[in-house]
> 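Sharing a structure here in structure tokens format.
One-based numbering along the sequence shown. Please read these numbers as outputs of a predicted model, since none were measured by experiment. First listed ligand is number 1; within each ligand, the first listed atom is number 1.
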Amino acid sequence: MNSPTAILGALNLDPDLETPLYRQLYDSVRSAILSGRLLAGLRMPPSRTLAKELAIGRNTVVAAYEQLIAEGYLESRVGSGTHVAAIPPDTLIEAGRAERQEIKPDPRRRLSQRGEAMLTVKRASPSYVKGHVLPFQHGMPSLEFFPHQVWARLLARRARQPQSRLFDYQLGTGFPALREAIAEYLGAARGVVCGPDNVIVTAGAQASLDLATRLVVDPGDVVWHEEPGYLGARGAFLASSARIVPVPVDEEGMNPDAAPPGEDPPRLIYCTPSHQYPLSVTMSLKRRLALLQKANEVGAWVLEDDYDSEFRYAGRPLSSLQGLDRTGGVIYMGTMAKTLFPAIRIGYLVVPDNMVEACLRAIRVTGQNPPAIVQAAVADFMHEGHFSAHIRRMRALYAERRDLLIDALESKLGGRIRPARPDGGMQLPAFLPEGVSDDDATAAADRHKVLTTAVSHFYLTQRKRHALYLGFAGVPEKLIEPGVERLSAALHEVGV
Ligand SMILES: Cc1ncc(COP(=O)(O)O)c(C=O)c1O
């Protein structure tokens with residue numbers, strides 16, 4: 001009864017199932033091998049014989065056999081037909097599984113200090129990790145108005161091109177047309193002074209933070225970080241074993257004169273001048289000049305994170321720090337995560353001439369290139385005018401959503417929390433009354449299906465302000481008022 005013809009001839013393949021017949025046959029043979037009903041070395045019936053036996057087409061049997069041969073379940077021997085393989089692949093997988101379960105971790109095989117340091121990096125909010133898309137997740141652009149058709153067309157066009165650069169290892173610091181498009185855009189929109197050679201395309205702002213920090217910070221070096229400040233940046237500094245020194249932010253932005261005394265001078269100063277993360281203030285011109293002067297005095301690099309400056313709703317944008325600097329001391333960074341969509345994983349650094357080669361080498365070492373075809377499609381998206389058109393549309397939409405959110409917070413929460421009215425960006429902090437913990441408020445909001453982030457998490461010192469960080473850019477209008485109503489109910493629970 002162990003003959004393959006007997007076993008397989010008894011199969012009932014069902015043409016009415018959605019699973020194609022060849023796949024049903026493949027599954028049956030595979031499970032007969034794995035269960036031991038078809039033993040190693042057995043000769044399989046010729047495809048013609050089996051097809052007749054099962055009353056199916058011969059091509060169906062050939063397709064199933066080919067798949068089983070490709071995956072190592074069957075072997076084809078010249079002159080003697082097709083046989084069950086001596087060691088079917090799943091046997092190896094099963095054996096591997098059994099061994100893996102028995103392994104006890106060896107304490108000598110531990111994480112590096114860098115690995116341990118990365119484990120200590122806080123997550124912004126538990127719900128964010130759960131992947132809910134709820135009001136008022138921050139950091140999210142609107143995805144529903146992204147021009148998917150245009151994007152699909154551009155991607156497909158590039159994927160069809162035989163241009164070797166899109167398929168080989170040459171990319172280095174980025175696809176040339178994209179570096180050109182970014183340089184042109186940053187010059188016109190952000191007053192950044194650079195040519196395409198200064199633009200380094202990275203796998204997103206987080207990769208830029210990692211790259212820039214690795215290149216200029218040694219373990220123990222002081223890095224000035226905004227207080228409160230962006231956790232992603234803090235993670236990169238921790239991973240480089242930097243000494244993070246929190247420098248307070250006031251209504252004019254990061255204040256170099258308020259840096260804690262007694263510390264070594266900084267090697268790197270990280271800041272978000274266009275729209276401070278998370279307090280949403282714009283750094284004044286006076287403060288920009290003071291910061292650059294301080295950096296020059298001590299020979300520090302400035303890392304300017306311009307993550308969402310495209311979305312400005314009032315007043316004229318101030319020039320980037322990079323555009324004000326005359327000493328080659330500013331490393332500028334931006335991202336497509338907000339202007340296009342987060343999963344695109346494209347960001348850029350603008351570095352002085354003497355840093356370009358180091359960036360190229362570092363990218364090779366760390367493997368942080370985004371895919372060439374995606375870079376090329378983004379270049380086309382920019383050159384053909386879709387990028388600026390999309391930003392223009394999103395700027396108007398986000399301004400409207402910002403106003404809707406602030407109006408709803410003011411009318412439904414009437415002074416119970418104090419929302420900031422930022423000139424730009426995609427989110428705002430809403431400050432809680434004295435004595436109310438934003439952690440408690442965030443947990444209550446989570447129970448009411450409102451996603452907020454506790455601003456106190458962004459502080460390193462104990463002098464924390466408690467506020468809810470509320471995203472508006474990615475929240476459809478119709479969800480804003482109901483979201484604020486649920487937030488109001490949640491805040492009642494914590495006595496607000
Ligand atoms: C301050 C800041 N920088 C950078 C980024 C963007 O990071 P990425 O391009 O890695 O998504 C964000 C996104 O939330 C941010 O808030």
> May I ask you to identify the nearest protein heavy atom to atom 7 (O) of ligand 1, giving residue, atom name and distance to one decimal place in Å?
A205 CB, 3.3 Å
> Does A337 reach ligand 1, in the sense of a heavy atom lying below 4.0 Å from it?
yes
> With a 4.5 Å limit on heavy-atom distance, are the side chains of D221 and R243 in contact?
no
> For Y469 together with Y277, are the ring centres under 6.0 Å from each other?
yes
> For the ring pair Y230 and F458, is the centre-to-centre distance below 6.0 Å?
no
> Of the protein's non-hydrogen atoms, which lies at the shortest distance from atom 3 (N) of ligand 1, and what is that distance?
D305 OD2, 2.6 Å
> Quick test: of every protein heavy atom, which one is nearest to atom 13 (C) of ligand 1, and how far off is it to 0.1 Å?
K338 NZ, 2.7 Å
> May I ask you to check whether Y270 and F237 place their ring centers less than 6.0 Å from one another?
yes
> Does even one non-hydrogen atom of M333 get within less than 4.0 Å of ligand 1?
no
> How far is atom 10 (O) of ligand 1 from its nearest protein heavy atom, and which residue and atom is that?
R345 NH2, 2.7 Å
> Looking at V450 and R486, what are the two nearest heavy atoms and their distance?
CG2-CB, 3.6 Å
> I want to know if ligand 1 touches T335 in the polar sense, i.e. an N/O pair below 3.5 angstrom.
yes
> What's the shortest distance from atom 5 (C) of ligand 1 to any protein heavy atom, and which residue and atom give it?
Y230 OH, 3.5 Å
> Can we say R157 and E384 salt-bridge, meaning some charged N sits less than 4.0 Å from an Asp/Glu carboxylate O?
yes
> Does any N or O atom in Y307 lie less than 3.5 angstrom from one in ligand 1, N or O only?
no
> How are the rings of Y332 and Y348 set to each other: parallel, tilted or perpendicular (split at 30° and 60°)?
parallel
